[in-house]
Structure formats: C-alpha cells, structure tokens
Chemist: 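So that we are looking at the same thing, I have put the structure below in structure tokens.
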There are 2 protein chains.
Amino acid sequence: MGEELFNVLTVQEAREKMASCLPADLRRITRKSLLDCLGMRLAHPVVAREDVPGFMRSTVDGYAVRAEDTFGASEGLPAFFTVTGEVRPGVAPERVIAPGEAMRVATGAMLPPGADAAVMVEYTEEAGEGCIEVLRPVGPGENILRPDEDIKAGEEVFPGNHLLRPQDIGYLASIGEVELDVFAPLRVGIISTGDELVPPEEKPRPGEVRDINSYTLYSMVRALGGAPVLYGVVRDDTGLLENRLREACRETDLVVISGGSSVGTRDHTAGCIAALGEPGLIFHGLAVRPGKPTLGGVVDGKPVFGLPGHPAAALISFDLLVSPLLKFGGYHSLSEGASPVKAVLARSLGSAPGREEYFRVKLRRDQGRIWADPILGKSGLLTPMVEADGIVRIPLESEGLAQEAEVDVYLFGTDYVL
Amino acid sequence: MGEELFNVLTVQEAREKMASCLPADLRRITRKSLLDCLGMRLAHPVVAREDVPGFMRSTVDGYAVRAEDTFGASEGLPAFFTVTGEVRPGVAPERVIAPGEAMRVATGAMLPPGADAAVMVEYTEEAGEGCIEVLRPVGPGENILRPDEDIKAGEEVFPGNHLLRPQDIGYLASIGEVELDVFAPLRVGIISTGDELVPPEEKPRPGEVRDINSYTLYSMVRALGGAPVLYGVVRDDTGLLENRLREACRETDLVVISGGSSVGTRDHTAGCIAALGEPGLIFHGLAVRPGKPTLGGVVDGKPVFGLPGHPAAALISFDLLVSPLLKFGGYHSLSEGASPVKAVLARSLGSAPGREEYFRVKLRRDQGRIWADPILGKSGLLTPMVEADGIVRIPLESEGLAQEAEVDVYLFGTDYVL
C-alpha cells in the first residue's frame, strides 16, 4: 500500500509523465481514397488548390443582366430587356451581354461575360417575343456568387487532425481532393487477465465470470477509429502474461491489459510492464474514482496500460488515458473535440477532495431542461454502465456538486461525432 | 408552379403518405458475431438466459463471514474469527463457513457456503496465526452481490431496435450472447443528376462543378449504418435517368437522386419515378426551407427520393426523410434516438409561417452556456455547411425565435452515438 500511495498521480500528472517518454505522435500516416476517409483524421492541413465555384454563378432562377441597366426600375416604370438566349447548365456562355440585354439562367448557371447580377424570375414579366420587363433594380453582385466567394485557392479549408464528417467529405470533393493523407488507425492490443475469467461463449462455472472487458474495450477502440487486436484471457501467471504482453507490444502500437482486481494480479501486471523494456512502469495508481488501480508504462516507445478489472472503471480509465492517444496520437490538444452535453444535476453528489470522481448519469428531459440523474448502484454491478448515457466529472479539489448544478455530461466513445 | 403548390406537403404529411405505401419495416434481419455488432441495431429484444453474477460475490477485498457473528463488534470489543483459508479467484469454495469462521476473499470472489456478508480488510486486524479481529459489524448481504442482483434470467436487457454502443457489447458478453440478430444495413442507391456535374477527380471547365452530393450522401449513409452504392452522375436525359434508376431500384433497398436544381431536371426526375412502377410519385415539394424541391415516391415497395441539388438542402432533406428509414426501417419511433444538444440562440431568427425552416448553427461555449450562432451565408455557398455544428428547426406554425431562446441543435449524421 505504501508503494501505491507513493506513486498515485492525478490524471494530468499521469499524462505528462507518459508523454515525456513517448514520441510526440504515435500515429502513422496513410493515403486513402476520399470515400474511405469518413471518421478519419487529416494528417495535414488541407489547402484549396482552386477557387470554388471557379466562375461567376447565379444563385437564383432568372436572368443575367448588367446591374446598371436595372437602376430605377419599378413596377410602374419597368426596365426593358431583350433576351438573347439561355445559359445551359454546365456550359460556358460565349455571347457577351450588351447594354439592355439579358440571358435566362437557372440556379447554379454561369453568368455570361458582361453580366454582373441576376434578376429573380419573380420580379420579371414577359413582354412579348424575346423580351422581358424587370420590375425591381438589382445591385452589382446581387444574386450571384463571385468565382472565389465560396473557397479561395490557397485558403486552408481544414486544419491538421480534423475529424472528417459526412459534410466534410462532400466539401473536399468540391475542391477535387479525392485522395488524402490521414492518420492510420492505431493498433491497440487488448489483454484480459484473471483466473476467474472465461471467454463469453463458455458457460461460467460457479466462481467464474465471462470476460467483459475485452469486448467493451474492443468496441471502444473501434468507436474511436482505432484497430483493436484481441489477445484473449491470460491466467494469473507472470510468465504467461509477460509472453503475451511481449507479443502484443511487437504487433501493435499500444497495449491495454485489464483485470487484476486483486492486489496480487496488479503486481503481476506491474512487474511485467517493468520487466519488458525501458523505461518500464511510469505510474502505479491514479487519483480517480473509479479507476484508482490503473497502471501506466512505456515499453520501447509504446504505451502499455493496466486498467482496473471492473468494467465501468476500466471504461473510465480508458477514456482518460487511451482515448486521447487514439484521437490525437498524444496528450496534446486535449481540449479539442470534447463537446459534452450540458445538463442540470438532479441531486447533489458528494466527493472526497484529492481525487477526481466520476459519476454515471442518465439524461432526462423535463420542463425544458436536460436533467442528469446520477445512477448510484452497488459497486460491482454492470447494469448501471448500460443505463447511463454518460459521465459527470467532479474535479480534484471539489467536495461535490449541489443539486441543480450545471454539469457537463461526457458520452462514452463519442469521438466520431463530437 | 401550380402543380407544386398543390402537392407541397409538410414533413409529417410526407412521411405518413410514404409510410402508407411501404412495408412496416424495410430492413432485413441478419445474424452477426457480437464483436461485429457495434453500431448496429437489435432485431429483437434481448432476454437474459442466466443470472449475473450467477453466484454470491464479494464486492470488496476482505473476509467472507456470517453477518450475525459480527453483531456488536467495535474497536473496543472486536469480534474474533478463525481464518480457514482463502477463496481463489474463479474457484467455487467447498468448505462451509461455520460460526466464528472467516475466509479471505478478493473483490469478485465467490462467497463460501454459509457466508452471507463480507468485511472490508480495512475494518479487520491480524490477531496472530490464522486469526483476525473484526472491528465493525456488517449486516446480512453487506458488501456482496446476490446471484441475480445484476441481471435476472428472463429479464429483457435491451428492447428491439436498440443501437449497440461499446458498453452494450460488453454487457451482452456478460450474459453469453455471442451471436445476435441485428438489422442488416439498408442498401442505399445514390444517383446525381445534372449536365453541369463532373466527377470530383476531373477538373471542371467553366460552367461545370464537381459532384458533391454523391460524396456527402455516401458518407451520411455510412455514418447512419447503411450500405451506400454509388450510381454516378447521370446527364439531364429522361431515358438515361430512367435506366439508371431502374438498375438502382433492382440492386438496392432505397434510392436517392440528387440534383435537378433547375425546374426541368426536377420534372425529369418526377417523371422517371412515376414511370418506373406503382404507386410512383407520392409527393412533389416539401414545406421546408431549405429543402422545398424534394420529391418522394415508391416504386414496387421501395422508397425513391428526389433531393434538392444544393448540398446543404440535400443534407437536410436526407435527414428528414431518409435518416428515419436507416434508423428505424420506417417512419415510426421517430422520437426515439434523437438527443439534440441544448443551446441558447445567439441572435433572433425570423421565419415564414406555413413551412418548417432550418438554420445552420455553430456551437460556442461562453459564460457557462452553450450558444448557437446562426451561420447566415448566401444561398449556394458550401462553406457554411462545414462551419456548422448542426441545425436548429423552426416549426411550421412559428414566425421565428427570439434571441436567447432555448433551442435544440441536431448534429448531422449523429445516430451512431445518440
């Protein structure tokens, strides 16, 4: 216990200590076809190579004109135009608009040379064969887009590490970026330890339980854009664990070992991390509840984490320490990308100062507000983990939160969208 | 124009009219391995076949005892126990706890027969070889989980159509559900129309623009768990469009045609939908802005939508009419699964009664509130689509929203998480 007290770090300290032993970014860069980039992160900023729309374009169905020819037009005294033709979609009109002339344009059509505005069809009237009357004036530039009004060549359209959403994929198509450098998914090795664990397809005998963490962590890694690799259940044996850990370290970019709710197993795990390579074990215990029995180490430039055995605690430790690596390749930029749901706490929550505390909450809408109902269950239960919509954090120095306090609710594994 | 006025429906009317011509659920059911079910929806409710944990389990590191033997214990007058051994993880202890006896247990270990509580190690003291003193009483059931306390056999753990999140995958592992019936991804055929469109890998000539909607809609379908199939760009030609649409209807479950910002193209699309099968065109225009030039039809039991050509409008029409089909297989259960972000409107927004209006907003945190800044740009611009975090809806009957009004912000394509 003395050793643990000595090495218990705050989350911030643990991240900083790990970061000092890791490369600045764990991720490799890979080139992908645009359609395969959804949910991936850009390796570099994207700079537009062309203007969009690239030509003068009408934003209305109507007539391309020289704006000055409409000045003073009104319903009582309309301006008279000769219609010299129609601009077909996708075609560059060659005929110049001379004074008093108009060409019919649909939304999106290119303006003919000489025109500098478009009149909406609603403000025109047919005036005999090939002629219209315009009932309202338009200013230069009205109802049109300039060639670089949407996107300018040379402009940075997305910063590096931007997470690509559906609308971004379309946007990149518009500037012809059909192949992109993105970060390759981090390969995450997942090991479960514990003599009591059996694979989920087996029926546990009394005293045994199914391996849950491999399945939760596999899914969390996938949800965050990583590539999970399962290394199965390892019994409580230092030799076996060391071999499995060595294999995982060789084949993946990052390893999580969960389990070891008993002190003995935890010591096995700590010993294996320390034995495997330099610098070895970095911290042993986190000032967080749940999540205290979390270990962190670095083996030859690869992070290795020992997560608590309890599924809910493992999930929280994972979110605090592993998610940032999947999102950002390191512990920089942590404030980016977090977009919690704002809610009102439905009852007060007490907390001991000196550690961060995380409570699971369910969101409920009532009287025009979003309420966060804490889900308080016996420790050891799984059900609260699936009843919860997210977690609320009580900071290190706080003694708790009052009823009706405004809280930020973080949803598990929500990186894809937020 | 007269025809359009006649057929313009509200979103609710359009959904109901479509639903009346469609099967109750468009989705097929498929059986998948649990690890492949992340982000999919359950075809049926899941009922637990076993109790969890399935045996009496300690939730603390300490000693299994008969609670009554601790009654009256205190620091001044501790209760004395003989320690008869240790319960090893994963092993069912056979030795019965007799009065005055205790066995060492780790968190998660099975209680030996006779024991009905666990004492935390912190409230015990070593008292010579094989003996401990207990300094506080425990009640029956204290610090333990009953065999069915977490999950009861026969209990419904998830309803049908539940979207499987990472923690749900772990939960299903705990009850041995390693294969599940889920809804197969809906195959969505995507067609773009317009003489002005070129594929994104081509450099557009003056007057031409790149096909954006195929890319945005492909990504939206993927983000919502569907299986997109691209059918490319079709020029403004009824015969060509009819052939492509027939092919898409044969090969997929649902077809979206985007484009046709000009009235002529829209009429092509409407004509093709009407010509292809029964009942054909269902509605022609939506009381929504942007998104008015939206068409809907049913061809031999398959929905076909004509979406507006403008990318932002196409995205909104898609979210209103296609997203529900991907999420629920039909237009039932629409209130489920929507979990918008609550924000405060940073400026007032006007709207014409008689149509729903959607505004793009960017979220910003300031003074402890989340503000929704409307992004107002010229119609026709793409940039606001990627600057926005989501959209705010102004209902049919409303004339607008005041500054500082509380609004629900819906994020595009966020089904996976919310």
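Quick note on labels: first sequence line is chain A, next is B, and so on, each numbered from 1.
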Chemist: Begin with the C-alpha distance, continue with both residues' side-chain angles, and end with the deciding distance and a verdict on side chain to side chain contact (heavy atoms under 4.5 Å, CB included) for B:I151 and A:T383.
Modeler: CA-CA 7 Å; B:I151 305 172; A:T383 307; 4.0 Å; yes
Chemist: With side chains defined as the heavy atoms from C-beta onward, is the minimum distance between A:L38 and B:Y218 less than 4.5 Å?
Modeler: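 The answer is no, as the side chains (C-beta and beyond) never meet within the 4.5 Å cut-off.
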Chemist: Where do A:P166 and B:A223 come nearest, in terms of heavy atoms and distance?
Modeler: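 In terms of heavy atoms, the two residues are closest at CG-CB, 4.0 Å.
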Chemist: Might you work through the side chain to side chain contact (heavy atoms under 4.5 Å, CB included) test for B:R205 and A:M110, ending with a clear yes or no?
Modeler: CA-CA 11 Å; B:R205 288 170 301 187; A:M110 183 170 174; over 6 Å; no
Chemist: Below 4.5 Å from any heavy atom of chain A, which atoms of B:E201 appear? Answer side chain, backbone, both or neither.
Modeler: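 Contact with chain A: backbone and side chain both.
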Chemist: For B:R165 and A:V386, indicate whether the former's side chain and the latter's backbone hold a donor-acceptor pair under 3.5 Å.
Modeler: yes
Chemist: For A:L172, is it the side chain, the backbone, both or neither that has a heavy atom under 4.5 Å from a heavy atom of chain B?
Modeler: neither
Chemist: What residue in A:V87, A:V157, A:I169, A:L197 has the most heavy-atom pairs under 4.5 Å with chain B?
Modeler: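 If we count pairs closer than 4.5 Å to chain B, A:I169 comes out on top.
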Chemist: Tell me, out of B:V221, B:D168, B:N143, who's got the most heavy-atom pairs with chain A below 4.5 Å.
Modeler: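 Looking at each option in turn, the highest pair count goes to B:D168.
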Chemist: With only heavy atoms counted, which part of B:P311 is less than 4.5 Å from chain A, the side chain, the backbone, both or neither?
Modeler: neither
Chemist: Do B:R365 and A:K342 have side chains that get closer than 4.5 Å, going by heavy atoms?
Modeler: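 Heavy-atom side-chain distance check passes, below 4.5 Å.
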Chemist: Considering only heavy atoms, which portion of A:Y215 lies under 4.5 Å from any heavy atom of chain B: side chain, backbone, both, or neither?
Modeler: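 For A:Y215, backbone and side chain are both near chain B.
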Chemist: At a 4.5 Å cut-off on heavy atoms, which part of A:E202 comes close to chain B: side chain, backbone, both, or neither?
Modeler: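 Nothing of A:E202, per the 4.5 Å heavy-atom cut-off to chain B.
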Chemist: Supply the atom-to-atom distance A:T59 OG1 to B:H310 NE2, rounded to the nearest 0.5 angstrom.
Modeler: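 Interatomic distance, A:T59 OG1 to B:H310 NE2, rounded to 0.5 Å: 9.5 Å.
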Chemist: Need one label for A:I370: side chain, backbone, both or neither, based on atoms under 4.5 Å from any heavy atom in chain B.
Modeler: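 When you check distances to chain B, only side chain atoms of A:I370 fall under 4.5 Å.
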Chemist: When heavy-atom pairs shorter than 4.5 Å are enumerated against chain A, which of B:L35, B:L145, B:V209, B:D195 gives the highest number?
Modeler: B:L35
Chemist: Looking at chain B, which one of A:A92, A:P206, A:S58 has the largest number of heavy-atom pairs inside 4.5 Å, strictly under?
Modeler: A:P206
Chemist: Which heavy-atom pair separates A:I212 from B:S174 by the least distance, and what is that distance?
Modeler: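 Result for this residue pair: CD1-CB, 3.4 Å.
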Chemist: For the backbone of A:L382 and the side chain of B:D150, can you confirm whether one donor and one acceptor N or O come within less than 3.5 Å of each other?
Modeler: yes
Chemist: Can you tell me which of A:E149, A:M56, A:E406, A:E177 forms the most heavy-atom pairs within a distance under 4.5 Å of chain B?
Modeler: A:E149
Chemist: Sort A:D211 into side chain, backbone, both or neither according to what part of it lies under 4.5 angstrom from a heavy atom of chain B.
Modeler: backbone
Chemist: How far apart are the closest heavy atoms of A:P200 and B:A173, and which atoms are they?
Modeler: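 Closest approach of A:P200 to B:A173, heavy atoms only: CB-O, 3.6 Å.
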Chemist: Of all heavy-atom pairs between A:E196 and B:P89, which one has the smallest distance, and what is that distance?
Modeler: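 Minimum heavy-atom separation between A:E196 and B:P89: OE1-CB, 3.7 Å.
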Chemist: Is chain B contacted by the side chain of A:V52, its backbone, both, or neither, given a heavy-atom distance below 4.5 Å?
Modeler: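 Only the side chain of A:V52 comes within 4.5 Å of chain B.
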Chemist: Given heavy-atom pairs under 4.5 angstrom as the criterion, report whether the side chain, backbone, both or neither of A:V91 touches chain B.
Modeler: backbone
Chemist: Can a salt bridge be assigned to the pair B:R88 and A:D236 using a cut-off of 4.0 Å between side-chain N and carboxylate O?
Modeler: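 No, no charged N to carboxylate O under 4.0 Å.
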Chemist: Among the options A:L230, A:L111, A:I175, pick out the one with the most heavy-atom pairs lying under 4.5 Å from chain B.
Modeler: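 Sorted descending by pairs with chain B, the first entry is A:I175.
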Chemist: For the pair A:R222 (side chain) and B:D36 (backbone), establish whether a donor and an acceptor sit closer than 3.5 Å, ignoring hydrogens and angles.
Modeler: no
Chemist: Less than 4.0 angstrom from a charged side-chain N to a carboxylate O is my criterion; do B:K203 and A:E50 meet it?
Modeler: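 Looking at A:E50 together with B:K203, the answer is yes, because their closest N to O distance falls below 4.0 Å.
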